[in-house]
K.L.:
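This is the structure I want to talk about, given as structure tokens.
In this text, all values refer to a predicted model and were calculated from it rather than measured experimentally. Residue numbers begin at 1 in each chain, while the letters A, B, ... track the order of the sequences.
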Amino acid sequence: MAKLSAKPVAGSIAGAAVQLATGDITAVALVEGIYSRYEEVDDEVKGYLQINKEKALVAAAESDARRAAGNTLSAYDGVPIAIKDNISVDGETCGCASKLLEGYTATYDATVVQKLKAQGFIPMGRTNMDEFAMGSSTENSAYQQTRNPANTDHVPGGSSGGSAAVVAAGEAIAALGSDTGGSIRQPAGFCGVVGLKPTYGRVSRFGLVAFASSLDQIGPVTHTVEDAAILLDMIAGKDQLDSTSIPDVECNLAASLKGADVKGMKVGLPKEFFEIDVLNDEVKAKVEAVRDQLEAAGAELVEVSLPNLEYAVSVYYVIATAEASSNLSRFDGIRYGARVEKTKDVKDIYYLTREAGFGDEVKRRIILGTYVLSSGYYDAYYLRAQKARTLIRQDFEAAFEQCDVILGPIAPAPAFKLGEISDPLQMYLSDIYTISVNLAGNCAISVPAGETESGLPVGVQFIGDSLQEEKILKAAQFVEQQQAQQGD
Amino acid sequence: MEYEAIIGLEVHVQANTATKMFCACPNNFGSEPNTNVCPICLGYPGVLPTPNREAINKTVLAGLMLNCEIPEFSKFDRKAYWYPDMPKNYQITQYDLPFCIDGKVLVEGKALTGELEPKYIGITRIHLEEDVGKSTHAGTYTGVDYNRAGVPLMEIVSEPDMRTADEAWAYLTALRQTMQYAGVGNCDMEKGQMRCDVNISVRPVGQKEFNTKTEIKNLNSIKSVHASIDYEIERQIEMLENNEEFKQQTRGWNEASQETYVMREKEDAHDYRYFPEPDLMPVVLTADKVAEIKEKMPETPAAKRARFVEELGLPAYDAQVLCLEKATADWYETAVATGADPKKVSNWIMTELLRELSDAGLSINECPITPENLGELLGLIDKKVINGRIAKEVFAEMFKTGDAPGKIVKDKGLEQVTDTSAISEFVIQAIDNNEKAVGEYLAGKETALNFLVGQVMRFSRGKANPNLAQEALKEELAKRG
Ligand SMILES: [Zn+2]
């Protein structure tokens, strides 16, 4: 076991911006700093699938030249950022940690990447993940096992385990992840960093390899709450290329956090969250500690109810697998990616390529999703799941009539050990606190709230109503400040 | 026993939009393979569809032209279907909430082999989907051209209202006509811009329920639709008479042998696993939006035919021929607008113009004669500047050169001779050279006069005014009688 958690060079995006502005650091030095930390720890963490130092250095030198000429693209011009392997960056691999996409190079930038590049951010490195974002531990990567920097015997969570791990280990200033059922928040919680899942539609999905289209969102994994706000400000907005993106709303979250407090904030506590029998005592205690701190700081505690929470996992695994079975049908070996040769006909190409290319969990979900959409079963599964989804959404609407944010755990327990959970159903249940948020389309943030006795990070989650990122960021910033004070 | 056929058609029409259905690639026929493609229409990882508003508007317009209702709420769905020319292995289409429902189209008049009583054919629905690519097989390899993948495709589904090959022929003709009138599709079947599948079953007259149907695919002209239906009716009647068992089949059409053949039996029917397309929002077409499209709706072919008959006094057959193509009808109306007699214009188009065009292999849009010039030509006849025979000569010259008739008449000196002294010279010549006819006329045979008028025209090289010639002849002959 090793503990490799660390702050990165410059500490944070905001920190890097200050140092770049004062001339204390250059973009080239940032890239060098990140790369040297990568060389130091990534053999152990295995958070990156690939990192291209030379390419990043070229971009950094250009950024420094812009800054010298007084033409910076933004205050963050020159800040490197790690990208999950399912987000398209022109000219880089985008393999979703799958054998099936081995050899595929993306030919275009995802909208979020385009936006970050326009602000001068430097995409640097592809982070590991569960294959096609299916999993909660990054153990489903076809390539390597990422380890939790807080304790390398443990998983980093998933599916954005690589993004969370490289940020936690200080080998990235920040990263982008994607969250379909908790894939940003749970690994952030496991690794002790901040992870934000934006409201569905707030961030364009164009360029994100789809797992479950109606649930997927791209979001930031960062060292600080402020950084999460900064990144969301950068990547949010209506995109003509994503019909499900919501019309532009003002997004000045980073600015709104300055000097904010939680006085008068109504914090909802769903009683169902605390009735779940797998909830670990230490995790529960952390949530309660945060609750008490909030109350002491003038927040108002409200008991709320999410009566349909118990259906969330089942509903999720019907809808997500149905959409996935369809989304993943394009991976057939015909136009790109790996293809099994020496096939006798086109069906053979499909069967053998997909047999060899997909891992077990992906196959399991494709089979399940195909089944629930089959004629004769559609009404019983998919249609019913959609109705239950509406009920879950309505539960949240009712709860948010009584409160500003909902406080709860991220996962029932801290990061488990590598290989500890082999039963898929038990693995699915670890998403119970995060999944309902994706089903409702709300936003939520995971923020570190201390450690267990054995030194594993524990995060808490704030859930906000649609487009209420400002509120959950303020609540999370409060927790961050409390943690800093306790650490002093 | 007497039998009747139950026929329904599924017709695919490519919308003639500038770009594809869900990406910005050009919607062009005939480009080099795989040049009109992008990550979106190739189904690359991470891409999303963006619906083409023009395609939706054109579909709604097509629906309005076909008397459809436009529901306020529609959506797209995914249809799972594995084939290399389908980039995503699902097609974005519309399952239960299409853009247009409950329409109808009038068929009437002359069909391919007979005359039809006016009859409405019901249209169940029109939905919008994306076309697939095109596979070409060569030896053990298959090449796929994705230029067509993602082209907007309207699927028009009829009610099983047709009973004969002629009705199906007329329905398809009416659909194509309507699409062209609306300007929503070019419908060139050879280019695959319009494709038709036929559903057909046969039952004894009087039987209520439908028998097992057959689907006929691969029909690449309206003519082969007609021929395949006739073939299939006979084949199915024979099966019924022999008490043969019917299996639901998909059959192809062999153009060379003029026969249908089995492609597949329905046992291996696909489960398409339709579900709502999560990448696209449902489409809301408000009454205002539909009204806005309706405002720009052109006259339907049926309405135009009716107007030509009622307002311009044309025979139904003339109206049918002139309205077959909107460009011809427009050409006709422009010519009539010059003040020419509607029936005379129709005669000229139907007997002269269409023949010349077809001989020259030209479309009406490429016609060297302008409609205004045809109007002018008819005016010259009315004003007796030229007579009918000269007019035909002038017309041929107009077609050859594109010149205005007035100019041709002037340049060639073709004006009618109305000067009586000039005419009486030709009259004398005619009388002097035709003693026999003169004798017959004087003996009381009136028809001999027509011959003599013809002779006057001959000596005048066709330029004499025939009425004046006749009067002068009578006068001169009276002197001799
Ligand atoms: Zn395209």
K.L.:
Heavy atoms only, distances under 4.5 angstrom: which of B/M281, B/R78, B/E277 has the most pairs with chain A? Name it, please.
P.N.:
B/R78

K.L.:
For A/S245 and A/D239, which I'm curious about, is there any donor-acceptor pair between the side chains at under 3.5 Å?
P.N.:
no

K.L.:
When you check the side-chain N and O atoms of A/S163 and A/K84, is any donor under 3.5 Å from an acceptor?
P.N.:
no

K.L.:
Taking 4.0 angstrom as the limit, do A/R126 and A/D85 come out as a salt bridge?
P.N.:
yes

K.L.:
Contact part of A/L241 toward chain B, heavy-atom cut-off under 4.5 Å: side chain, backbone, both or neither?
P.N.:
both

K.L.:
Which atoms of B/Y146 are under 4.5 Å from chain A, going by heavy atoms: the side chain, the backbone, both sets, or neither?
P.N.:
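It is the side chain, since no backbone atom gets that close.
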
K.L.:
When only pairs under 4.5 Å are counted, which of B/A80, B/P276, B/P87 shares the most heavy-atom pairs with chain A?
P.N.:
B/P87

K.L.:
Taking every heavy-atom pair that is under 4.5 Å apart, which of A/Y104, A/Y377, A/Y382 has the most such pairs with chain B?
P.N.:
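Going by pairs under 4.5 Å, I would pick A/Y104.
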
K.L.:
Measuring heavy-atom distances to chain B, does A/T370 have an atom under 4.5 Å in its side chain, in its backbone, in both, or in neither?
P.N.:
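Interface part for A/T370: both.
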
K.L.:
Which bit of A/Y350 comes within less than 4.5 Å of chain B, counting heavy atoms only: side chain, backbone, both or neither?
P.N.:
side chain

K.L.:
Among side-chain atoms of B/N16 and B/K58, is any donor-acceptor pair under 3.5 angstrom?
P.N.:
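Distance-only check passes for B/N16 and B/K58.
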
K.L.:
Salt bridge or not for A/K117 and A/D90, using N-O below 4.0 Å?
P.N.:
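A salt bridge is absent here (no side-chain N lies under 4.0 Å from a carboxylate O).
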
K.L.:
Is the charged tip of B/K88 near the ring of B/Y90: under 6.0 Å from the six-membered ring centre and within 45° of its axis?
P.N.:
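That pair qualifies as a cation-pi contact.
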
K.L.:
For chain B, find which of A/L383, A/D332, A/I87 contributes the most heavy-atom pairs closer than 4.5 angstrom.
P.N.:
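Of the candidates given, the most pairs with chain B belong to A/D332.
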
K.L.:
If you count heavy-atom pairs within less than 4.5 Å of chain B, which of A/S213, A/S329, A/A212 leads?
P.N.:
A/S329

K.L.:
Inspect the contact between B/D131 and B/K20 and indicate whether a charged nitrogen and a carboxylate oxygen are less than 4.0 angstrom apart.
P.N.:
no

K.L.:
Relative to chain B, which segment of A/T244 carries a heavy atom at a distance below 4.5 Å: side chain, backbone, both, or neither?
P.N.:
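Contact with chain B is through both the backbone and side chain of A/T244.
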
K.L.:
Taking every non-hydrogen pair under 4.5 Å, which of A/A110, A/G207, A/G376 racks up the most with chain B?
P.N.:
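Looking at each option in turn, the highest pair count goes to A/G207.
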
K.L.:
If we define contacts as heavy-atom pairs under 4.5 Å, which of A/Q386, A/R205, A/R330 has the most with chain B?
P.N.:
A/R330

K.L.:
Can you tell me which portion of B/P84 sits under 4.5 Å from chain A's heavy atoms? Options are side chain, backbone, both or neither.
P.N.:
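Its backbone and side chain both get close to chain A.
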
K.L.:
Which of the residues A/N327, A/L328, A/D216, A/N86 is involved in the greatest number of heavy-atom pairs with chain B at under 4.5 angstrom?
P.N.:
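When all of A/N327, A/L328, A/D216, A/N86 are compared, A/N327 has the most.
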
K.L.:
Does a donor on one side chain and an acceptor on the other come within less than 3.5 Å for A/S325 and B/R273?
P.N.:
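No pair is found: no donor N or O on one side chain lies under 3.5 Å from an acceptor on the other.
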
K.L.:
Tell me whether A/E131 is salt-bridged to A/K99, with the criterion being a basic N under 4.0 Å from an acidic carboxylate O.
P.N.:
no

